[in-house]
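Here's the structure, in structure tokens; my notes come after.
Below, chains carry the letters A, B, ... as their sequence lines are ordered, and counting in each starts from 1.
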Amino acid sequence: MIKEKSAGIKNTGSLRAKAGRVRNYLRQPHVIMSILLLLILTFLVIIPILKMFYTTFVWQLEDTRLSRAAEPGRFTLFHWKRVFASVLSDTMLWTPLKNSILTGLGVSFFALLIGIFLAWLVARSDIPFRKLIAAAAVIPYMVPSYIHALSWLTLFKNERVGGVSGIFQYLTGIIPPDWVSYGIFPIIITLSLHYFPYSFLLVSAALTSIDSRLEESGEILGATRGYILRRITLPLVMPAILSSFILTFSRTLGVFGTPYFLGSPVRFFTLPTQIYSSINNRNSASGFILAFVLIGISSIIIYINQKTVGERKSFVTIGGKGFVVSRTPLGKYKYYILPVVFFIILVSAVLPILLLTFETISLYPGNYSLKNLTPLFWFGKGGTTFAEGEAGILRNPAILRTAWNSIRLAVISSIFAGFLGIFIGYAVVKGRKERLPKLLEQISFLPYLVPGIAFGALYLALFTQRIGPIPALYGTFTLLVLINAAKELPFSSRAGVTSMLQIGAELEEASEIAGARWGKRFRKIILPLSIKSAVSGFILVFITVMRELALVILLVTPKTRTLTTMTFRYQEQGYAQFSSAISLLVVIIIFAGSYIAKTITKTGEKD
Amino acid sequence: MSFVEIKNLTKVFGSVTAVDDVSFSVDEKSFLMLLGPSGCGKTTILRMIAGLETPTAGEIRIRDKIMFSSEKGISVPARERELGLVFQSYALWPHMTVFENIAFGLRVKKMKEDDIIKKVKESLSYMQLDEMANRYPQEMSGGQQQRVALARMLASEPALFLMDEPLSNLDAKLRVEMRAEIKNIHAQLDATTIYVTHDQVEGLTMASSIAVINKGSIEQLDHPKKVYHYPSNLFVADFIGSPQINTISCSRESDDGRIYIKTETGERFKTSYKSLSLDAQTLTAAIRPEKISIVKSDGDNTAKVKIKTVLPAGSETIIHVSYGKKVLKILMQKEQELNVGEEVFIHLPENDILLFDPETKKLLHNLQALKT
Amino acid sequence: MSFVEIKNLTKVFGSVTAVDDVSFSVDEKSFLMLLGPSGCGKTTILRMIAGLETPTAGEIRIRDKIMFSSEKGISVPARERELGLVFQSYALWPHMTVFENIAFGLRVKKMKEDDIIKKVKESLSYMQLDEMANRYPQEMSGGQQQRVALARMLASEPALFLMDEPLSNLDAKLRVEMRAEIKNIHAQLDATTIYVTHDQVEGLTMASSIAVINKGSIEQLDHPKKVYHYPSNLFVADFIGSPQINTISCSRESDDGRIYIKTETGERFKTSYKSLSLDAQTLTAAIRPEKISIVKSDGDNTAKVKIKTVLPAGSETIIHVSYGKKVLKILMQKEQELNVGEEVFIHLPENDILLFDPETKKLLHNLQALKT
Amino acid sequence: GGKEKTVDEASIAWLKEAKLGKYVENSFDEKALYEAAKLEGSVNIYSYSSRVFKFGETFEKKYPGIKVNGFDMDSGEIVTKISAEQTAQNFVADVIFLKDVAVAYNVLVDKGLAHNYVPADLKKVVPKEYQEPMFVHHTSIQGFVYNTEKNKKEPFNSLWDLTKPEWKGKVVLPDPQKLSEFIEIYSGIVENADSLAKEYEKVFKEKIKLSAGIKNAGYEWLYRVLKNDAIIVGSTNDVSKAVGLSQQDVPPVGLTAYSRIRDMEKDPNLKFAFTENTTPVSGFSLNVVQLIVNRAPHPNAAKLLIHYMLGDEKGGEGYEPYYVAGNFSVRTDVPPIKGLKPITEMKVWSASPEFVWYEGQQVLDFWTSNLK
Ligand SMILES: Nc1ncnc2c1ncn2[C@@H]1O[C@H](COP(=O)(O)OP(=O)(O)OP(=O)(O)O)[C@@H](O)[C@H]1O
Ligand SMILES: Nc1ncnc2c1ncn2[C@@H]1O[C@H](COP(=O)(O)OP(=O)(O)OP(=O)(O)O)[C@@H](O)[C@H]1O
Ligand SMILES: [Mg+2]
Ligand SMILES: [Mg+2]
């Protein structure tokens, strides 16, 4: 009967009515926004990816090296055959794919475990040193991931790759087996320690906005802490958890450095190795195809995600009745938990930083005597006999200039990306049941899986010349901002979505009744309520941009180059100290950046 | 001239029809009360008028201006409807102090800052929240939050008030005062008001008309008195008034041009009905608990009953008596020494007996009765 | 034997003293009602008993077991106090269906799955929500949500019910039915109940005792009848009963061993007081609106007044009459043809006049009076 | 290059203007160039090596008024960037300085995207094969290293020894997937398959039997070394570390860049040397070329810079950064580093650009497909 009714309603009304309905639909802020964003994303994401797709079907100049039949510019299935059906497929695609997925799952599991655990402690429990823990929990992501790998080797290296063995063997005399020293095991551990900040940031932000009464009513019914955690608290932050899972998983899927560093000695290769190698050797087409494989995987994940956070379960934790936040007392458990926490912080943050710092001040690497220490890599004057006359990085105007450049880039990109993210979040959450925003959400995620180097190559190919109204952006600062914002969109949009999910619709409705236009509603209600989680998005982007290398290397010119692009020169010269010093400088800048970001957003809102 | 006009309004949530083809109109400056059981669609109606919920079908006019029309495909955004709404869940902004919460709407109106301060202070003191200006919602009690929500609406003096159970969390005393406040603000501002409540006293004392809603459609829209004394059907009769109305199914007899009813236990009661629109043999008689009086001795329109329970409740006493298989409720004011189990006589004044058609459940009409 | 025992309970939020040195005890199986103006500390008291709020000072015992004690530094976590609580803001879990919400507590108890299903179904139908099992809270109306919150508590059959305005969002009819439900569940389970409400009728009909709270401390804890008829002070007198009690300040006269009061307008009224504990010359007299009756002719204890307003409210009519500078409220049941402006006589029965000390605002005692 | 290049009008005009390609002047007039260059004011160079900054500084000192914007990145990236800049007609770089001559030739020079330039005055001091088709800056050697702390003499004599069981897991090879220049080196091995075949007979006293699906002795060697569990690392200093670090029980041997010699100054723990007597060869040579980009904005400054980079008969400031062990100037008049034979007397292989261009990718694929 209802069916009939609604059916009946559907076909009432003239053409005018239908036109009107369309108009009304289009008048809604979230729809307008979806459309605008869609345009932006077409420019930033869709075109590049179409280009990428196109490339895979066309003979490239380099293909003449692989096949006599190659006629550059002509259509071909050669690349697809090469990747999926050739002697290479096994070592180029399937094995690395298997390895990637295994690594991805492993890392996501442990990273989320740690991240959520810490997030809960900081946001919901009365554990001491909360501020400290909160600050420390983000550090691992600030230090370059290879540092974690390095630390691992200093501990557990065996003599498979020659050189001196690790501290573990030195102390115990036991030779660690290869599977401990190299391959998937250490990769999963080091990457987990590196990536848990994703889940920490997103989940803790979500946790802080849950009304304690929801947990209290569980406690009243006699549920234990653990049970409440499992059945109430975690499900409530499920959106955030899923987001961080997606981010962590996909990131691990795409990461190149650490897996190569720890994997290659035992020939454990992941997809990115293959992508990097293909693109580096300038037969991008195969690389792109492999990238599409990654995209495929993530699309599946996102699909699952959207099924899980379905329309009906879109829950609100910031209600209109005001909410209390009370902390779970840990009681005596404190004394068991604190050590664990500190251990995590130690191995994930303190050790790596120490190691990094130590590298930058040791005259000769791997020599742990005091007289080996030197400030020269930081403050050394140029033109001396030391280090072939290289000046310490803080005395090197070129480095300082690029440092400033990096900061500007990181700040602007993260703000730009951050706001895109919040807007997307708004559009997506408001339009849960609609197609357009869904599409938006999916698109915003694509760039994440295109490996940096590939994405850079695409932008290079596209934006060196003017397209329509857009002038040639190559060599401009803008292009760097755009590509970073685009690449980090997933961070910011996920952060956006999760933060929006928490805000009760009635809170905005109330302000609409008060006569506020959308702009005002956004500034005064939505933004303040979502900023806490959004900031975590900002910070993640800021960090990533500061550290990004592969993505921009092709797009920077002498004028627009960034700090990380400078590390290359020293690695190539074999001066680990210099490049470590730069990495450390980056870490310091990131520290300052995220600290400032936090304090700025603290003002106004109260605890 | 009607200020708000609703035509064939319908709202379907998935498989639930929350509001089903509702039409009514509210005159300017008048005070319409939406009464109805929980879940009957009150909030939804209010939200559609406010423009927060898109009706599945129908038309909404305010000041003769079409705000929504599924035919014409018009839909004016809430922002431009110039009305005030108090949410059932107060919808206070947790990141703003009480002051900011109230000032928001005024700021939107670009009011001068010191005027704002004046206005906020004023509406806070209406609501007796003077010291609370700098609290955050989560630092207040339920009732205090609810009053802030009210103050927020009143501060921006809309021409149309929509209130969704604005007093549900207040104590009787405060509620009485708030009612008075609302009424005189309503008078001062000449604001048309649509008011959702489940509190009948509110309905019966404040409203200029009452719409009784059931399962998403209107059962009766009328003056409070009419609704109470001449409920158009058994649902309304039963829903309005507490304790509930007594209903007795009985057979019809007539005698010297009057309608008499005969109950199962055999007593005959005289009614005020002379003629009836229908000639069914069985009827449903109904009488309000407070109309029944307890008398010492037998007589016309009386029956012997046995006291079952006596519930003293402040100013009044509710007495349950068993009459045959049925239990009748009686509401008395003066306290009377009555012992449970005691046998007494009850008297049903002929003018207070209402007759309903057992099939259609509709009130039966009788010119005489209607005159009074 | 007392089931819950509160000693010198105090709670300070920053600068606000929400609960101020409160002590009381609740007998097993009894039904205590906390009544009080909005913001007086009811919720806070409840939350402290439940173990959700840590008192600033004091002691809480349940079943003679210390649950909290600031001296002894004991504090038993909420989950071990084996009680049920209905939150003022329902606090339903948005990620669970109604069914899961209710099943939760049973799952915690490791109940067998089919028993759970039975139990949930049962408590759902108590609350008249049978079809709603698979809805999510945000898909329900306010009142429906509130009933789910109730069902959730009842399902797990605690020995101690704590309810914070559990019926505030329900319509009168449903509320009456829910009260009945709660009462008989309370009876079935022999559960001790502490019940926060602002609805006096609720208080007066359901409770075995009532605690009237004001600004964080208890004004009177007594049987409903006592609270209503012998309010220990003016605050209680004034807070309990609607319409509010009438208060008249007057001077004292005595004559043949009886206390008479003389109002400003000069009339003398005889009271039931023979002797008085104090010999102040000015007193505050108070009388309930329903005790005043309108009579045609002059006589003892009568005064001439002018009809100001007539508010018919369903079963009863509230009449405001002006008596000198003062306005008196009168509650009448039988409808009377009264026209505004008309002059009539009111009669104040001597037994119904209460006297208060204008300084201490305390009820004045009189052995005679107390006998009745 | 004999082939006719496809060059558009604009480029031809530019070539005329810049006196490049077939319009190149046959005398080198430093003064005139400097004057012209000063007008251009700066020169942008993309370099595979960071030492660009060193000769950049000295150049600026020698030729005031011309700024050198050096920019270091992988050879592959240089090629990609140039191709993009060219297709976009967005000309940034003037000079490119890179390895991977095969790609440089076929992708850039052969397509007219970069042009060869040999300063006239250098023609007589540089052998013809280093002038065409691309002007080589220097040749760098990659060789086999062993740990001198554990081995008094070279631990192996023939490349084929490395396929023997005693070297299982003890050979460290750079990964061509990561370091593209090693594609060129492994191609060199494949290109010299025949001498490897002969070498095999010398070592194993039997004719070589190629494994299934393997084309020649070159591939066979790669295949067997990989099968012998060679360790694959991502950078050449990982190799020197792996081999050179002291206090190893069984240090491996490896293939790395000769310039790694300098790492021993940076880290006294490193103790390694390059083999000299390995048969058939103890190393491989890679050419490094410099080119002027098509339609470069600062052609004269570019010419001046290239001329400067080649230094003078004693080495000279411009060449100084590269005048180190492992590098050999193409200038016949520059003496080799003391203690090193001139390149002509060293046993090294170099792959021809054509071979690398057509076979290189297969070599890489072969490598990849045998990484099991
Ligand atoms: N988002 C929704 N999805 C599905 N059903 C809904 C939704 N919102 C409301 N309903 C249903 O529509 C009906 C009317 O809801 P509404 O909130 O208008 O009731 P109400 O009259 O306000 O009740 P109350 O007095 O308890 O607030 C209810 O049965 C409710 O369950
Ligand atoms: N977290 C808090 N911080 C500061 N003050 C608070 C806090 N919670 C409650 N209060 C104050 O304590 C007093 C008592 O609050 P409580 O919620 O107990 O009142 P209540 O009796 O439940 O009122 P209502 O009937 O309106 O719910 C109120 O004045 C309230 O403003
Ligand atoms: Mg409602
Ligand atoms: Mg409360």
Legend entry - No-hydrogen, no-angle side-chain donor-acceptor test under 3.5 Å, B:Thr43 and B:Gln88: yes
Inset, instruction - Sort B:Ser75 into side chain, backbone, both or neither according to what part of it lies under 4.5 angstrom from a heavy atom of chain A. - result: both
Inset, instruction - Examine the side chains of B:Thr44 and B:Glu53 and answer whether a donor and an acceptor come within less than 3.5 Å of each other. - result: no
Legend entry - Salt-bridge criterion met for B:Arg61 and B:Glu59 (N-O under 4.0 Å): yes
Inset, instruction - Examine whether an atom of B:Arg81 lies under 4.5 Å from a heavy atom of chain A, and if so say whether it belongs to the side chain, the backbone or both; otherwise answer neither. - result: neither
Inset, instruction - Measure distances from B:Val86 to the heavy atoms of chain A and classify the residue's part below 4.5 Å as side chain, backbone, both or neither. - result: neither
Inset, instruction - Tell me yes or no: between the side chains of B:Tyr136 and B:Trp93, is some donor less than 3.5 Å from an acceptor? - result: no
Inset, instruction - Taking the six-membered ring for Trp and the single ring otherwise, decide whether the centroids of A:Phe522 and A:Phe423 are under 6.0 Å apart. - result: yes
Legend entry - Options B:Ser69, B:Pro77, B:Ala50, ranked by heavy-atom pairs under 4.5 Å with chain A, top entry: B:Pro77
Legend entry - Heavy-atom contact with chain A under 4.5 Å, split by part of B:Met96: side chain
Inset, instruction - Could you have a look at A:Arg521, A:Lys524, A:Glu508, A:Glu512 and say which one has the most heavy-atom pairs with chain B under 4.5 angstrom? - result: A:Glu512
